[in-house]
Each structure stands twice: as C-alpha cells, then as structure tokens.
Amino acid sequence: MTFVRIGGVPHHVVAEGSGPVCVLSAGLGMSWFDWDPVVPHLAPYRTVVRFDRPGHGLSAPAAAPPTAAGEADRIAAVLDALGHRGPVVVVGHSIAGFHAEAFARLHPDRTAGLVLVDSSVEEDPRPSRTTAPARALGAVLAAAGLPAALGPAVRDLAVRAGTVRRGGPRPDPGPAPVRTDPDPVRTDRALVRRVYRTSRVLRGTLLENARYGAVAAGLLALREDRPLPPGLPVTVLAAPDGSARWERRQRALARRLGARYEAAEPSGHLVMRDRPDRVARAVLDVRRGQEGA
C-alpha cells in the first residue's frame with residue numbers, strides 16, 4: 001500500500017501494469033477500488049495509476065477546499081511522486097471529469113489523451129460562498145455515529161442506483177479478469193467497511209459536494225483562456241440510461257470539446273462497473289503522444 005504526501009496531505013496511490021501511463025480518477029464519494037473491474041483490461045498494456053482524493057478512500061482529510069486548478073495540479077503531483085513525467089491519458093468519472101479536463105488544459109504537455117466517463121456537466125454553475133454548512137453537517141453526523149452505523153449501507157445503495165438493474169440484461173464484459181485474491185467478494189466488503197465506516201470519508205464527500213459549483217465555475221473559466229492541446233484525442237463516454245436530456249447534455253459536451261461521443265449501453269452512472277470493457281477500450285484507443293513516455 002503506497003502513500004505519497006502532496007501539500008502535506010497523505011494520498012493513497014495504487015500503480016500497476018506496464019506500458020504508457022493512464023491515470024484514473026473516480027467520482028464523488030468513490031474510491032480507488034471502484035476501478036477494479038477496469039484494471040485487468042488495461043494492466044497488460046498500460047501502467048494504471050489510481051489515487052484517492054483527500055477525504056476519499058484511504059487518503060487523509062483535505063487541507064483546503066477543492067478547486068478546478070488545484071485538482072488538476074493534484075493529478076500532476078501524484079504523477080510526479082511516482083516518477084511519471086511524460087504524457088498520460090487522464091480519465092475522469094463524474095465530478096472528476098472536471099478535474100481531468102482541467103489537467104488537460106493546465107498541463108497540455110503532459111496530456112496524451114482525455115477520457116470523460118459520464119462526466120458531470122454544468123452550463124451555468126452556481127458556486128456556494130461557504131463550506132461551513134457542509135462542515136457543520138459532517139460534524140453533527142459524525143458525532144451521532146452515523147458513518148459507522150450506516151456508511152457501508154449508504155455506499156451499497158449508491159452503487160445499486162448507479163448500475164444497471166440486477167436481473168436485467170447484462171453486457172458482455174469481455175475476457176474474464178485475472179484475480180489473485182482468494183475471495184473477491186469478501187475482500188471488497190472488507191474494503192467497503194474499512195473506508196465507509198469512517199467520518200473522514202463522509203466529511204470529504206460533503207466538502208467536495210459543497211464545492212461542486214465552484215469547481216465547475218473554475219473549469220468554465222479555464223475554457224476561456226486555456227485551450228485544449230491541438231489534436232488532443234478526447235472521448236466523452238456517456239451512460240444515457242434512457243435519459244434523452246442527459247444524452248443531449250453529454251453530446252453537447254462532446255461538441256464543445258471537439259470530442260468523440262460514445263454511449264455505454266446498457267450502463268448506469270458507474271460505467272466502470274457496468275462496462276469496464278468500454279472504459280478500457282476508450283483508453284487503449286489513445287496512441288498520440290505516448291511513445292517514449
């Protein structure tokens with residue numbers, strides 16, 4: 001288990017595989033192991049870097065509220081700590097789509113490709129002026145013992161809501177991933193309990209959620225004066241899941257970024273769990289800028 005210190009905060013980092021580098025960043029309240037279904041599809045061909053943002057997974061609490069530029073620099077600092085200074089494919093899911101795009105704009109020489117996995121989209125964000133209510137709520141819920149009592153159950157509900165219905169049609173997941181742990185279900189449950197029974201993760205999730213509008217506004221500002229690198233391969237991998245409105249917004253995002261639009265179907269919001277093969281394919285399709293990385 002690896003931890004790197006960034007801005008004085010210990011960050012949990014996992015790196016595996018070999019070849020050109022891709023970095024995976026999960027959505028609000030998610031952890032490094034949410035990418036587990038994707039890694040076996042990538043690791044034979046890519047060095048796969050996963051990390052937990054402050055207050056998520058096993059990382060320590062945040063020292064400061066998140067910003068678009070700050071999250072882009074965090075990705076760069078994680079890569080620096082691991083010795084990866086060449087161009088990488090950066091993959092952002094949900095709110096981390098903001099962070100991944102900001103990285104591509106602020107660190108163009110380090111970006112080989114951008115993959116946005118059912119990314120958050122905000123055309124007119126409304127930043128909150130303070131994080132005080134979120135911090136107060138976190139303190140109250142933690143004092144009441146709710147994370148320990150209900151954290152894993154709430155996490156389970158979120159995963160069920162974000163994936164295709166059990167018993168419904170399932171996609172072909174591709175080649176069976178190679179597992180080395182003797183009991184993957186038990187291991188996963190142990191990790192869920194270890195992570196989501198803590199007040200640290202509750203507080204980290206509430207803080208990121210409170211800063212959602214501010215991070216979105218920061219990204220819109222970057223779009224005005226920090227263009228994406230010319231010819232950068234960009235893929236918007238969306239999960240419309242029957243919502244015409246969400247599909248329109250994802251297609252509009254793709255047009256704005258000059259990106260290729262793909263729909264992962266059937267899939268819920270947690271595309272990395274429902275369609276790990278589609279996520280891996282989007283990453284492996286990127287070739288530009290990675291020779292010699």
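The basis for the numbers below is simple: all heavy atoms, side chains too, and nothing from hydrogens, waters or symmetry mates.
Listed here is the closest heavy atom pair of G8 and P10: O-CD, 3.7 Å. Minimum heavy-atom separation, G57 to R200: O-NH1, 2.9 Å. Of all heavy-atom pairs between P276 and P37, the closest is CB-O, 3.3 Å. Here the closest non-hydrogen pair linking L207 and A62 is CD2-CB, 4.0 Å. Across all their heavy atoms, A68 and A102 have their closest contact at O-CB, 3.6 Å.
A salt bridge does not link R74 to D80: none of the charged side-chain nitrogens sits closer than 4.0 Å to a carboxylate oxygen. Under a 4.0 Å N-O distance rule, the pair E208/R211 does not qualify as a salt bridge. The pair R249-E123 meets the salt-bridge criterion, since a charged nitrogen lies less than 4.0 angstrom from a carboxylate oxygen. Here R50 pairs with D36 in a salt bridge; the nearest charged N to carboxylate O distance falls below 4.0 Å.
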Can you list, pair by pair, the side-chain donor-acceptor contacts under 3.5 Å of residues 232-239, counting residues two or more places apart and other chains?
unit_1 : atom_1 : unit_2 : atom_2 : d
T235   : OG1    : R260   : NH2    : 3.4

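Proximity of a side-chain donor or acceptor of H56 to a complementary backbone N or O of S31 within less than 3.5 Å is not detected. Of the possible polar contacts, one joining the Q250 side chain to the S119 backbone as a donor-acceptor pair under 3.5 Å is found. Checking side-chain atoms of S243 against main-chain N and O of W246 turns up a donor-acceptor pair under 3.5 Å. With T163 contributing its side chain and V159 its backbone, the two residues share a donor-acceptor pair below 3.5 Å. Under a 3.5 Å cut-off, the side chain of H99 and the backbone N or O of G97 do not form any donor-acceptor pair. One N or O on the side chain of R110 and one on the backbone of H84 form a donor-acceptor pair closer than 3.5 Å. D241 places no side-chain N or O within 3.5 Å of a backbone atom of G268 that could act as its donor or acceptor partner.
Applying the side-chain contact (heavy atoms from CB on, under 4.5 Å) rule to A139 yields the partners R203; only residues at least two apart in sequence or on another chain are considered.
Rounded to the nearest 0.5 Å, atoms OG (S94) and CG (L116) are 11.0 Å apart. Atom OG of S25 is separated from atom CG of D34 by 11.5 Å, given to the nearest 0.5 angstrom. Interatomic distance, R189 CZ to L191 CG, rounded to the nearest 0.5 Å: 10.0 Å. With rounding to the nearest 0.5 Å, the separation of CG in L106 from OG1 in T111 is 9.0 Å. Here the CZ atom belonging to R105 is positioned 10.5 Å from the CZ atom belonging to R226, to the nearest 0.5 angstrom. To the nearest 0.5 Å, atom CD1 of residue I75 and atom CZ of residue R53 are 8.5 Å apart.
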Query raised in the report: Please walk me through it: do T2 and H12 pass side-chain hydrogen bond (donor to acceptor under 3.5 Å, both in side chains)?
Result: CA-CA 6 Å; T2 302; H12 174 235; over 6 Å; no

**Report entry** Residues R223, E101; criterion salt bridge (Lys or Arg N to Asp or Glu O under 4.0 Å); working and verdict
**Finding:** CA-CA 9 Å; R223 286 176 178 172; E101 183 185 338; 2.7 Å; yes

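Hydrophobic clustering (side-chain heavy atoms under 4.5 Å, transitive across Ile, Leu, Val, Met, Phe, Trp, Tyr) groups L228 together with Y261. At a threshold of 4.5 Å between side-chain heavy atoms, the hydrophobic network of Ile, Leu, Val, Met, Phe, Trp and Tyr places F51 and V4 in one connected group. Taken together through direct or relayed side-chain contacts under 4.5 Å among Ile, Leu, Val, Met, Phe, Trp and Tyr, V49 and V9 form parts of separate hydrophobic clusters. Criterion: ILVMFWY side-chain heavy atoms under 4.5 Å apart, direct or through other members. Under it, F33 and L58 are part of a common hydrophobic cluster. Two different hydrophobic clusters hold I95 and L206 under the rule that ILVMFWY side chains link at heavy-atom gaps under 4.5 Å.
You'll find the side chain of V23 stays beyond 4.5 Å of the side chain of V91, heavy atoms only. A heavy-atom distance below 4.5 Å is not found between the side chains of S267 and R278. Side-chain contact check for F103 versus V88: some heavy-atom pair is nearer than 4.5 Å.
With no hydrogens or angles considered, no side-chain donor-acceptor pair links D274 and H269 at under 3.5 Å.
Ring orientation note: the planes of F98 and Y212 are tilted relative to one another, at an angle of 30° to 60°.
Annotation: Y45, atom OH; neighbour count of heavy atoms from other residues, nucleotides and ligands within 6.0 Å does not exceed 12. In this structure, R197 places its CZ atom where only 12 or fewer heavy-atom neighbours from other residues, nucleotides or ligands lie under 6.0 Å away.
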